[in-house]
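Below you'll find the structure, written out as structure tokens, and then a few comments.
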Number of protein chains: 2
Amino acid sequence: MVRDKEQTRQRLIEAVGTALSEHGFQGLGVNAVARVAGVDKVLIYRYFGGLAELLEAYGESQGFWPSREEVLGRKVAVIKALPKAERVEAVLLGLLDALRQRPQTIEVLAWEAVQQSPLTAMLAERREAWSRQILAELFDDAGPEDRPLLTLASLLVAGFQYLLIRARRGSVYGGIALDSEAGWAEVRDAIRRACRAGCN
Amino acid sequence: MVRDKEQTRQRLIEAVGTALSEHGFQGLGVNAVARVAGVDKVLIYRYFGGLAELLEAYGESQGFWPSREEVLGRKVAVIKALPKAERVEAVLLGLLDALRQRPQTIEVLAWEAVQQSPLTAMLAERREAWSRQILAELFDDAGPEDRPLLTLASLLVAGFQYLLIRARRGSVYGGIALDSEAGWAEVRDAIRRACRAGCN
DNA sequence: CTCGCATGTCACCGTTAGGTGACTTTATAG
DNA sequence: CTATAAAGTCACCTAACGGTGACATGCGAG
């Protein structure tokens, strides 16, 4: 044993991610996390106060939601110069690809969709704040007349997030092959088409 | 006590629906269902073999997935005469309204999205079969060139199903007010716009 | 009427969960 | 060296779960 409080805290936080990837948010509990961390569960209470606070720390430490750079690349200025519909397209496709790299985030999204608890409420609020921020940054020239376009964007995000959630375990949805790159190429194509519809 | 096997079976099946509406698929277990039915849990094993088979019976009894009439109204012939994009639009809007009337079905959809089990696999397969059937009936004239349109349709269905799932407990997603009729009107409008994009 | 079987009740088992108090070990300040 | 407080271990509690065997009860055939 190392007898180092900070390191043990860190191991617990990482164990949350591991447990999420391996067994999903179901079965995520004090006992499971402690088991994965190889640590006594009582330390969760001592160091964090409880599972809720540990999960909160996990949410802070990991940027479990992708950063703006991860979604947009480094070309924010380029994107801002595009017409609105193409801006939406760039954000959506970037977000899709970023999320596909983050199984733990998808797991949290699934959780959020299914359970309402103080923790998931916090995560949901953070996600909403994130989208408001993107909006403010990339669409500062948007007025009420762009509301339909932005609603369409949210609907499309909802759509591929749902597909990502189902792809964790299932392999096909509505004829789309979720386990093949070809299937996701079709999804990307559908997003592009839908965005073009938003402009008029 | 009534001492009527068939009636008790029926009460158990109905209790599944009640338990689903009241407490969600989480916490749906032998004990909970028996409690709601006001019946001893051992009867679930005696009459059905176990919870899985009881749930299967629930899936059969309730048309928990809406019928074609419920989605399309009685005007199938009229819809078939429309251009493809408008046909998609009619199906999607009909499905959205039908699902909004069926909280239990939405609960099952959430479940399906989150847990992979023999039962949810069966439900998922049934849903896929349903969509294949709609496709065959309404789009018998569709060729490979319509594949993008149908992918877009599936993406939009995924989108509003996700919104329906979140609307059970949350109230806002990506700026859309899920607890107000105005929010859903925006969603419907976005679906219409996206469908129009599919034709070219 | 009464006997037998179908119907329904009850008590109990093992397991797992969240949670807590009391214990042991180790680093370090004095 | 030693006292002490932090760090970590252990044993145990209650509750809920899925599941099962033994029991009580009422209906209907003979």
Check your understanding: Leu12(A) and Tyr58(A): side-chain contact (heavy atoms from CB on, under 4.5 Å), yes or no, with the steps?
Key -> CA-CA 9 Å; Leu12(A) 278 169; Tyr58(A) 165 72; over 6 Å; no
Checklist entry - For the side-chain contact (heavy atoms from CB on, under 4.5 Å) test, which of Leu43(A), Ile13(A), Leu55(A) pairs with Phe48(A)? => result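 Among the candidates, only Ile13(A) passes.
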Checklist entry - Between Thr8(A) and dG8(D), does any side-chain N or O lie under 4.0 Å from OP1 or OP2? => result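 Result: yes.
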Readout for nucleotides 18-30 of chain C: B = base within 4.0 Å of protein heavy atom, S = sugar-phosphate only, - = neither; 5' to 3' it is BBBBB--BS----
Tell me: [atom1] of [X] to [atom2] of [N], nearest whole Å?
X	N	atom1	atom2	answer
Glu6(A)	dA6(D)	CD	P	16 Å
Asp4(B)	dG26(D)	CG	P	16 Å
Ile44(A)	dA7(D)	CD1	P	16 Å
Leu43(B)	dG21(D)	CG	P	16 Å
Arg9(B)	dA6(C)	CZ	P	16 Å

Mark yes or no for whether Asp146(B), through its side chain, and Gly143(B), through its backbone, hold a donor-acceptor pair below 3.5 Å.
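Between the backbone of Gly143(B) and the side chain of Asp146(B) there is a qualifying donor-acceptor contact (under 3.5 Å).
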Does Arg193(B) use its side chain to pair, donor to acceptor, with the backbone of Leu149(A) at less than 3.5 Å?
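It does not hold such a pair.
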- Ranges pairing with ranges for DNA chain D, where each run has three or more Watson-Crick or G-U pairs under 3.5 Å: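 Stem list for DNA chain D: C:1-30 with D:1-30.
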* Using a 4.0 Å heavy-atom cut-off across all strands, classify Arg35(B) as base, sugar-phosphate, or nothing. =>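 Counting heavy atoms under 4.0 Å across all strands, the contact made by Arg35(B) is with sugar-phosphate only.
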Salt bridge or not between [X] and [Y]? Use side-chain N to carboxylate O under 4.0 Å.
X	Y	result
Arg196(A)	Glu86(A)	no
Glu14(A)	Arg9(A)	no
Arg188(A)	Glu89(A)	no

Would you call the rings of Tyr173(A) and Tyr162(A) parallel, tilted or perpendicular if under 30° counts as parallel and over 60° as perpendicular?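 Ring orientation, 0 to 90° scale: perpendicular.
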